[in-house]
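Single-structure report; data block below.
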Amino acid sequence: MNSIYPILKREFKSYFASPLAYIIIVVFQGISAWFFFLYLKGFLHIQLDPGFQLQRGELNLNNLVLAPYFGTITLVLLIIIPLITMRLLADERKSYTAELLFTSPIKLRTIILGKYLAAVILLIIMLTLSSINVFVLMVHGNPDIGAIMSGYIGLFLLGASFLAIGLFASSLTDNQLIAAVISFGVLLVLWLVGAMSPVDGSILGYISVINHFEPFGKGIIGIKDLVYYGSLIYLGLFLAHTALESERWR
Amino acid sequence: MIRVHNLTKNYGNLRAVDNISFELEKGDVLGFLGPNGAGKTTTMRIITGYMPPTKGSVRIEDVDIFDHPLKAKKQIGYLPENPPLYNDMNVEEYLDFVADIKMVPSKEKKGRILYVMDKCGITSVSKRIIAHLSKGYKQRVGIAQALINNPSVLVLDEPTNGLDPVQIIEIRELIKSLAGERTIILSTHILPEVTMICSRVIIINEGRIALEESLESLSLNLKSSESLYLKLRRNGDDVKEKIESIENISKVNMSAPGEYVIVPSNGSDVREELTSMAVKYNWGLLELRPLIHTLEEVFLKVISSEG
Ligand SMILES: Nc1ncnc2c1ncn2[C@@H]1O[C@H](COP(=O)(O)OP(=O)(O)OP(=O)(O)O)[C@@H](O)[C@H]1O
Ligand SMILES: [Mg+2]
């Protein structure tokens, strides 16, 4: 397990060796700030309108700014995360370095975990930067700090699950673009099955990545949702491991 | 020490390696020869633990590579067919990374990096980004990488591929100098290279061992079959007969009208008799020279007799 650190370090540095990581961070930060201030502007507008005074209870910061803001970020993650994970394993094949890694005295799971954690750290950086937006709310009123915290925990878990699935997609091919398309496709399906489920509590509803996020946005951290995201992360890493292992057995 | 036992590898229906066995001791340098697609790279990938065989086993310093991969892999230095390089790193960073994943103790790391850079002639490019290096320099970095953990078993897949003539000589010297304490396997398409650095040779063809010999016995065989090539301006019906009448000649073949390949019986030199005979009968001697079998010829013979 000592060797997880060099793997992680190399992977993380290589994110910043090309402009990709910078572009991803800037775009992510730009879009989330843009939408945040859009929602905030709408909220302030409504607050000043006397016609809405009666419904003030419903029309609070949480419902009008935070919830849609978190919703937007989940969508941005859906699009951006395949770009973060696409090269993780695909590139090792392309540059023949897979042969170096797999003939070194380290376990396959150490390699996979090291790479995964490098991507997770990038996600943490992105989410931390975007949380600056939310601090603005402190100035404009007293938002539910608990809901903000749990919302960010939810975003982190959602993003971490996406990363695990993206890593799996990257284990299937030596082509980054194909890896990105596969992970985007899988994530989209996991996202949309929620909309297709007619009743609450159906299997499809349970599978949906986004259904499990909603409670976090409302300040609720449920065991069932933690278990869901935990399993998704484990499944992604496990499948990546299996894919790499079985490829060499063929 | 490397023990390869009944190794077989199938890719789907294709049998790339077919029941290969050999044993190498410390100090051996094995040249691994074979035409394209013979299964050299596949065999090397199995030996280094990159992929498991369909059947058979590999032991590195008495450790089975598939039962105890981490322990066995610590002993191995491997240069794959394509050097495994991270284009976005500089040479020194890259070697530092490889040292880390090869479990080089941190105390020795700095020294090892300087040593392999010096040995492979890449000290001057140590701060260059790998993507910007020429093919030959990339190959050198690949060799440096294989040496970083001071391995007792070295597996080199076409080590001099892409190098310039000067560097080829240097790398050959380097490999020779590394031999004593180590076991080395290298594959190559440059046959003289084998004569220069290897102590043993294995020729494989279509996944099977077609010839396995120590280099001494191989060169003995090459010498003993030394035959002569004779070319005459005027060919006659009785030429073959007349040559055969000379003492110490075991075989005469006409390869083309006026061209003969003459095999003297063991070790004897019949050139003098042949020239005087040619002058005597006025055959018009154009050429007489020894036909030394090169490794190339052995290689071609072995390969073609297989198919
Ligand atoms: N991953 C793979 N999947 C399917 N077939 C493969 C694979 N790798 C190699 N082969 C096939 O196995 C055979 C042996 O290939 P190998 O690369 O071991 O040959 P080689 O002796 O190294 O050839 P060369 O001199 O060209 O490097 C070839 O027919 C090749 O097409
Ligand atoms: Mg090869």
Side-chain angles (χ1 to χ4, degrees), chain A residues 1-23 84 86-115 117-118 122 171 174 176 241-250, chain B residues 9-12 41 44-54 60 63 65-66 68-90 93-94 96-106 109 129-131 138 142 145-146 148-149 151 153 155 157:
Chain A
M1 270 295 143
N2 281 341
S3 38
I4 197 165
Y5 178 65
I7 301 271
L8 194 165
K9 186 175 79 174
R10 196 205 64 74
E11 198 62 53
F12 188 72
K13 274 172 113 178
S14 111
Y15 270 124
F16 291 92
S18 80
L20 183 68
Y22 295 101
I23 294 173
I84 294 179
M86 62 184 183
R87 36 153 275 237
L88 283 177
L89 293 163
D91 220 33
E92 299 285 352
R93 296 207 184 130
K94 197 113 212 169
S95 59
Y96 309 108
T97 42
E99 245 170 305
L100 169 64
L101 292 182
F102 298 157
T103 57
S104 293
I106 34 175
K107 293 209 166 87
L108 183 54
R109 62 164 175 266
T110 309
I111 299 171
I112 290 178
L113 219 52
K115 286 174 167 286
L117 290 180
L122 185 61
S171 75
D174 64 357
Q176 297 191 22
H241 189 280
T242 311
L244 291 179
E245 193 85 309
S246 71
E247 174 193 84
R248 288 179 295 142
W249 279 96
R250 250 186 278 138
Chain B
K9 174 78 189 178
N10 298 338
Y11 291 116
T41 298
M44 289 176 147
R45 284 180 166 167
I46 297 171
I47 290 174
T48 54
Y50 176 67
M51 53 161 106
T54 308
I60 305 288
V63 181
I65 187 117
F66 298 101
H68 306 283
L70 299 198
K71 195 166 172 222
K73 285 172 178 174
K74 268 190 197 155
Q75 315 284 336
I76 302 179
Y78 175 39
L79 171 70
E81 194 162 35
N82 300 291
L85 306 173
Y86 290 104
N87 279 323
D88 55 20
M89 299 176 106
N90 77 31
E93 278 170 354
Y94 168 73
D96 189 90
F97 169 70
V98 179
D100 281 340
I101 62 171
K102 298 273 179 182
M103 308 290 168
V104 175
S106 47
K109 210 165 70 174
I129 299 293
I130 290 175
K138 285 182 181 166
Q145 162 279 127
I148 195 95
N149 56 336
V153 166
V155 180
D157 202 346

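Reckoned from all heavy atoms, side chains included, excluding hydrogens, waters and symmetry mates. Naming convention: chains lettered A, B, ... in sequence-line order (proteins, then strands); numbering from 1 in each chain.
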Item to check | Minimum heavy-atom distance between D96(B) and K9(A), given as atom pair plus value | outcome: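 For D96(B) versus K9(A), the nearest heavy atoms are OD2-NZ, 4.5 Å.
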Checklist entry - Which atom pair, heavy atoms only, marks the closest approach of L100(A) to P84(B)? => result CB-CB, 3.7 Å
Checklist entry - Counting only heavy atoms not in K138(B), do more than 12 fall under 6.0 Å of its NZ? => result yes
Next on the checklist: Taking NZ in K107(A) as the centre, count heavy atoms belonging to other residues, nucleotides or ligands within less than 6.0 Å. Is the count above 12?
Outcome noted: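 Open.
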Checklist entry - Between L70(B), I101(B), D100(B), which is the residue that forms a side chain to side chain contact (heavy atoms under 4.5 Å, CB included) with I106(A)? => result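 Output: one option passes, namely I101(B).
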Contact origin within [X] toward chain A - heavy atom pairs under 4.5 Å:
X	value
Y78(B)	side chain
E93(B)	side chain
P80(B)	both

Checklist entry - Which atoms of I7(A) come close to chain B, meaning under 4.5 Å heavy atom to heavy atom: side chain ones, backbone ones, both, or neither? => result both
Item to check | Engaged part of K13(A) at the chain B interface, taking heavy atoms whose separation is under 4.5 Å | outcome: side chain
Just so I understand: if I count every heavy-atom pair under 4.5 Å between each of [options] and chain A, which residue has the most?
options	result
F97(B), Y86(B), Y94(B)	Y86(B)
N149(B), I129(B), T48(B)	T48(B)
L85(B), N82(B), N87(B)	N82(B)

Next on the checklist: Between K102(B) and T103(A), is there a side-chain heavy-atom distance shorter than 4.5 Å?
Outcome noted: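 A side-chain contact exists here, since the closest heavy-atom pair is under 4.5 Å.
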Checklist entry - Between CE of M89(B) and CZ of R10(A), what distance do you get to the nearest 0.5 Å? => result 6.0 Å
